[in-house]
**Student:** 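Below is the structure I would like to discuss, written out as structure tokens.
All of these numbers come straight from a predicted model, not from anything done at the bench.
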Amino acid sequence: MSGPTSQGSAATTKDSGLGRETSRRPLTPANRQSPWAKPLVPVFSALALGMILDAVIVPLLPISSSRYQSDEWLVLQSLMGVLCLISWGILLRLQRVAAAGFLLWLSFVFLGAALHYRHVHLFGVDEIGRYAPTDWSPLGSGNGQVAGDVPAEVADQFVDRAAARICLEAVVTAVPDIIPPPEDDGRPFSARSKDEPTTVLKCWVTAVRDGVAWRSASGRVYVYVIGITPELLPGDRVRLAGQIVRPKAPANPGEFDLRGHRRADRVLAEVYRVFASGVDVVQRGTRWDPRRCLAVVRNAAAHALDRHISRPQAALAKALFLGMRREVDEEFEEQLLRTGTIHLLAISGLHVGIFAGAVAFALRRLQVRPRVRYLAAIVAVAAYLAVSGGRPPTVRAAIILGTYFLGKAILRRSSGWNSLAFAAIVVAACNPSDLFRVGPQLSFLSAAVLTALAPRLGFPEGLDPLERLIMESRPPWLRNLIAFGRSARLAFAVSAALSTVTVPLVMARFHIAAPLGMILTPLLLPPLSAVLVAGFLLMLVGPWCEPIGWLCGPVCNAMLYVIRLTVELGDAVPYGSLWLPAPPDWWLIGLYAIAAAGLFVTHPRASKGVFAAALAAWGLLLFSYEFLSLQRHRGRLECTVLSVGHGAAIPIHLPDGRTLLYDAGKLLGERAAAQTVANYLWHRGVTHIDAIVLSHADLDHYNAVPKLTEYFSIGVIYVEPGMTESKEPAVRQLIELVCRKGIPLKSLAEGWEARPTEDVRISVLHPPADWPEKEDNARSLVLRLQCGQDVLLLTGDLDGRGVDRVIENAKAGCSVLIAPHHGSRNGNPPVLAERLCPRIVVMSNARPPTRSVAEGYRAVGSVIYETRRDGAVTVVLDGVKPKIQTFRRGTDPG
């Protein structure tokens with residue numbers, strides 16, 4: 001008779017000739033059930049690998065050179081998948097199980113590659129994106145398309161692209177989004193152009209007008225309408241006219257790829273300069289259209305939130321419940337990002353889980369039978385998924401909850417890993433590009449962490465009878481206090497685990513590490529839960545029962561105010577967040593691959609110490625890589641003219657590793673300019689700006705500086721002499737901000753000189769300290785950088801009398817000229833080109849230069865580069881010959 005089995009061992013019994021013999025062996029990792037035994041996990045891993053290979057390998061092949069690829073590559077991938085399936089059947093019949101399993105897994109790899117290729121590269125022959133022009137206006141034509149009446153919110157997305165007039169007919173596919181006009185909040189560093197809101201229509205094109213005839217067309221398109229359109233719902237057919245453009249491509253290193261993001265959604269064109277009065281409704285959609293019914297419910301829910309909740313909190317509520325984030329102010333979004341609580345703004349598994357729990361709890365209180373209760377919860381979750389927009393994190397949460405409730409209904413236990421893999425397969429099949437987006441990545445990564453580490457995080461598994469008896473003997477207040485302490489400990493443990501695992505990915509995509517989030521998230525859970533429960537009641541019952549609205553509205557309002565106040569207080573905590581350069585993608589993939597191996601590999605020799613050592617070595621590799629990257633750029637002077645539209649932002653990297661920034665601003669886009677500069681510097685691994693030089697007191701040359709003081713530490717700020725005495729409110733507030741942050745502020749004038757290294761000399765050519773000229777552009781600070789025999793001249797918005805003084809200066813000759821005043825005629829007279837004779841001219845512009853300016857520089861043999869066309873332009877001076885690197889066209893020997 002065998003004795004009882006102790007914890008941590010397993011007993012086996014066998015029959016020897018003399019009786020029954022019991023042997024014991026310890027439970028090793030190899031004896032445990034591996035997560036890889038779940039069948040859908042390897043299926044998803046194969047699909048994901050195929051999509052990754054297609055995204056990485058196909059762009060390197062000659063077939064990817066065409067704008068709209070053919071289906072030959074798709075046929076090849078499909079054929080390889082079919083061959084693998086045939087081989088799998090043959091090997092399975094021959095009982096070669098291992099080889100057959102590998103070929104079956106490989107067939108899913110080819111299936112994933114085919115799905116990704118078809119989604120990203122194959123479009124119809126009548127695709128509307130074909131009508132968007134790709135050629136730039138000729139240099140010097142002076143007739144580039146300009147978004148003169150485009151709202152400020154989208155102007156920076158339009159002015160640097162070629163456009164064509166178009167008239168099209170399309171069907172609205174989603175509820176229109178409204179971009180509210182910018183509020184006059186007293187910010188001194190912004191400029192406003194329009195007070196009208198912008199309506200964003202998501203449409204499916206059906207026809208395009210060719211003269212007086214209509215030609216069939218297809219494809220998705222985003223339409224930006226100036227003003228509020230007539231009430232439109234999905235299914236409505238409209239006709240409109242505007243200018244069609246391709247989505248904005250990245251123009252600077254480290255910049256977000258909007259064109260790739262739109263292409264991943266199969267959107268190859270956008271239409272601007274459409275007026276609300278010019279949108280004609282041709283035909284209303286049928287009332288039985290499911291999309292239309294969902295839109296009506298969605299609008300009713302949004303209206304209920306607006307009616308019962310105050311305005312600032314209502315915008316936050318619509319983002320939490322319905323995913324409508326357009327109305328949330330940018331400042332609060334940045335506060336959420338800095339405090340590590342930005343995930344609370346997006347509809348995620350937490351929101352769906354609380355909604356499902358509330359529904360299940362209510363049905364249980366109504367004494368509904370368990371099976372009916374669970375099936376009703378599945379229906380409720382599916383309905384909320386449809387109304388909230390069906391984003392990937394919501395789909396993931398809905399599928400996991402749906403499989404859980406289904407298992408409860410049929411008395412079967414659901415597998416966490418299988419449910420998670422099934423959700424990932426569904427999301428990837430609907431849109432393979434979601435595999436490469438940060439939202440789905442964070443969502444599935446968090447779910448995987450909870451699934452894998454739930455037993456180690458101390459989730460309650462029930463008390464034994466003795467502990468339960470002891471607990472019941474205690475007073476109620478003590479029992480509640482102990483239960484609260486356990487819940488709080490669990491919440492903080494989960495938050496810490498999730499923050500630790502997701503921080504590398506957050507750093508890679510948002511350049512920020514916010515350790516404060518692991519503390520704030522558990523603190524915000526109670527008010528967030530109250531908001532969600534009250535808000536769901538308000539949206540579901542409030543439109544038909546006013547007392548429910550009167551009761552739930554104040555609760556939502558108060559709890560949302562608590563959330564906003566908590567986030568604002570957390571944002572004021574010193575060092576609650578750090579802005580950092582992003583680790584490279586290859587390192588990030590390796591990091592999570594090592595972590596996954598430590599979780600899934602169950603071989604006895606694979607101890608925790610081995611994986612801990614691997615993680616430490618991988619981290620050391622990152623530091624070595626960053627160190628070598630910084631050393632690679634040393635020993636030469638690099639000046640990069642960033643593409644910021646109508647503005648200027650020019651980072652300069654000195655041979656000794658120090659960073660100088662000449663101007664930082666953009667017309668109608670101070671936040672965008674600051675983000676462009678920051679993304680570039682983080683891309684270069686820079687976290688400290690040694691000096692900022694502001695050429696003059698124009699907003700488009702300095703309005704990004706306030707945000708940059710939040711992102712970077714700054715050594716000193718130099719300005720031209722008259723700027724410190726300026727009476728402009730924006731300039732005065734900038735100076736006060738700089739003084740408040742303790743950044744030294746100094747003025748530079750003609751005659752100032754510095755030698756940061758032996759081969760580099762920096763000097764100021766203009767203006768003199770006592771120059772009586774009052775016009776800002778004429779007083780632009782002209783900086784001269786000499787490296788060996790090459791000279792680089794930075795001129796700001798120099799024009800008028802300032803140009804005359806520079807022409808008269810004996811040291812004004814240069815090899816490389818950053819053209820004055822964005823290449824305008826006033827700042828670039830022919831005599832300036834004749835006097836300076838630059839070999840290279842770089843223009844930071846949003847419009848092409850006039851013909852006279854272009855011909856004037858060509859006459860002296862200059863090569864002209866434009867940021868609107870070439871993207872960021874980097875000039876490299878190494879004492880031998882200037883080299884030019886353009887972001888969109890690669891390296892040019894100059």
**Student:** Please step through side chain to side chain contact (heavy atoms under 4.5 Å, CB included) for the pair Val764 and Val782, ending with a clear verdict.
**Tutor:** CA-CA 6 Å; Val764 175; Val782 178; over 6 Å; no
**Student:** Kindly determine whether Ile743 and Thr709 satisfy side chain to side chain contact (heavy atoms under 4.5 Å, CB included), including the steps that lead there.
**Tutor:** CA-CA 9 Å; Ile743 303 173; Thr709 61; 4.0 Å; yes
**Student:** From Asn809 CG over to Asp804 CG, what is the distance, rounded to the nearest 0.5 angstrom?
**Tutor:** 12.5 Å
**Student:** Are side-chain heavy atoms of Tyr702 and His696 found at a separation under 4.5 Å?
**Tutor:**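 SC-SC contact between Tyr702 and His696 ruled out.
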**Student:** With no hydrogens and no angle check, just 3.5 Å: does a side-chain donor-acceptor pair link Tyr680 and Thr640?
**Tutor:** yes
**Student:** With Ile52, which residues qualify under side-chain contact (heavy atoms from CB on, under 4.5 Å), at least two apart?
**Tutor:** Val56, Leu435, Phe436
**Student:** Could you measure the distance from the CG atom of Asp797 to the CG atom of Asp700? Nearest 0.5 Å is fine.
**Tutor:** 5.5 Å
**Student:** Evaluate the side-chain proximity of His766 to Trp771: yes if any heavy-atom separation is below 4.5 Å, no if none is.
**Tutor:** yes
**Student:** So, the side chain of Tyr662 versus the backbone of Gly796: is there a donor-acceptor pair under 3.5 Å, distance only?
**Tutor:**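 Yes, the answer is positive, given that a donor and an acceptor are paired below the 3.5 Å cut-off.
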**Student:** I'd like to check Leu699 versus Glu670 (side-chain heavy atoms, cut-off strictly below 4.5 Å). Are they in contact?
**Tutor:**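 Leu699 does not reach Glu670 side chain to side chain.
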**Student:** Less than 3.5 Å apart, any donor N or O on the side chain of Ser844 or His822 sitting next to an acceptor on the other?
**Tutor:** no
**Student:** Tell me, please, whether Trp579 has Arg338 positioned over its six-membered ring: NZ or CZ under 6.0 Å from the ring centre and within 45 degrees of its axis?
**Tutor:** no
**Student:** Do Asp257 and Arg259 meet the salt-bridge criterion of a basic N to acidic O distance under 4.0 Å?
**Tutor:** no
**Student:** With the threshold set at 4.0 Å, does a side-chain nitrogen-carboxylate oxygen contact exist between Arg671 and Glu330?
**Tutor:**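 Answer for the salt bridge query: yes.
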**Student:** Hey, what do you get for CG (Asp690) to CD1 (Ile652), rounding to the nearest 0.5 Å?
**Tutor:** 12.0 Å
**Student:** Between atom CG of Leu654 and atom CG of Asp759, what is the distance when rounded to the nearest 0.5 Å?
**Tutor:** 12.0 Å
**Student:** Within the structure provided, determine whether Asp799 and Ser824 are in side-chain contact (heavy-atom separation under 4.5 Å).
**Tutor:**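 Not in contact.
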**Student:** Over 60° means perpendicular and under 30° means parallel, so classify the ring planes of Trp587 and Trp618, tilted if in between.
**Tutor:** parallel
**Student:** Take Arg684 and Glu638, measure what salt bridge (Lys or Arg N to Asp or Glu O under 4.0 Å) needs, and give me the verdict at the end.
**Tutor:** CA-CA 12 Å; Arg684 288 287 301 253; Glu638 295 186 25; 2.9 Å; yes
**Student:** For the backbone of Leu620 and the side chain of Ser624, can you confirm whether one donor and one acceptor N or O come within less than 3.5 Å of each other?
**Tutor:** yes
**Student:** Could you check if a side-chain atom of Val791 sits within less than 4.5 angstrom of a side-chain atom of Val816, using non-hydrogen atoms only?
**Tutor:**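 No, their side chains stay 4.5 Å or more apart.
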**Student:** Given side chains that start at C-beta, do those of Pro250 and Phe887 come closer than 4.5 Å, heavy atoms only?
**Tutor:**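 SC-SC contact between Pro250 and Phe887 confirmed.
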**Student:** Would you call Glu775-Arg801 a salt bridge at under 4.0 Å N-O?
**Tutor:**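 Here Glu775 does not pair with Arg801 in a salt bridge, since their nearest N and O are not under 4.0 Å apart.
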**Student:** To the nearest 0.5 Å, what is the distance between OG1 (Thr676) and CG (Asn252)?
**Tutor:** 5.5 Å
**Student:** Salt bridge or not between Arg262 and Glu270? Use side-chain N to carboxylate O under 4.0 Å.
**Tutor:**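 Result for this pair is yes, salt bridge flagged.
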**Student:** Could you walk me through whether Glu710 and Lys707 pass the salt bridge (Lys or Arg N to Asp or Glu O under 4.0 Å) check?
**Tutor:** CA-CA 5 Å; Glu710 299 177 9; Lys707 296 300 298 180; 3.0 Å; yes
**Student:** Closer than 3.5 angstrom, by distance alone: can the side chain of Ser643 be matched with the main-chain N or O of Gly871 as a donor-acceptor pair?
**Tutor:**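 The answer is no, because no donor-acceptor pair under 3.5 Å joins these two groups.
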**Student:** Taking atom types as modelled and ignoring hydrogens, do the side chains of Thr757 and Asp656 form a donor-acceptor contact shorter than 3.5 angstrom?
**Tutor:** no
**Student:** If you take the centroid of each ring, where Trp contributes its six-membered ring, are His683 and His511 closer together than 6.0 Å?
**Tutor:**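 No, they do not, as the ring centres are separated by 6.0 Å or more.
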**Student:** Crowded around Gln789 CD? As in, over 12 foreign heavy atoms under 6.0 Å?
**Tutor:**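 Count not over threshold, so no.
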**Student:** Could you check whether any side-chain heavy atom of Ile840 comes within less than 4.5 Å of a side-chain heavy atom of Ile884, counting everything from C-beta outward?
**Tutor:**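 Sidechains of Ile884 and Ile840: in contact.
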**Student:** Between Arg835 and Glu808, is there a salt bridge with N-O shorter than 4.0 Å?
**Tutor:** no
**Student:** Tell me, do Leu793 and Leu783 make a side-chain contact under 4.5 Å, heavy atoms counted?
**Tutor:** no
**Student:** State whether the number of non-hydrogen atoms from other residues, nucleotides or ligands found under 6.0 Å of Arg825 atom CZ is greater than 12.
**Tutor:**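 At most 12 heavy atoms, drawn from other residues, nucleotides or ligands, come within 6.0 Å of this atom.
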**Student:** If the threshold is 4.0 Å, N to carboxylate O, is there a salt bridge linking Asp790 and Lys883?
**Tutor:** no
**Student:** Would you say that more than 12 heavy atoms from the other residues, nucleotides or ligands in this model lie under 6.0 Å from the CD of Glu728, or not?
**Tutor:** no
**Student:** Salt-bridge test for Glu750 and Arg784: reply yes if a basic N is under 4.0 Å from a carboxylate O, no otherwise.
**Tutor:** no
**Student:** Any luck finding a side-chain donor-acceptor pair between Asn679 and Glu255 under 3.5 Å?
**Tutor:**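 Their side chains do not contain a donor-acceptor pair, so the 3.5 Å distance test is not met.
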**Student:** Flag yes if more than 12 heavy atoms outside Lys811 fall under 6.0 Å of its NZ atom; otherwise flag no.
**Tutor:** no
**Student:** Would you please indicate yes or no on a ring centroid separation below 6.0 angstrom for Trp682 and Phe712?
**Tutor:**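 Close enough - the centres of the two rings lie under 6.0 Å apart.
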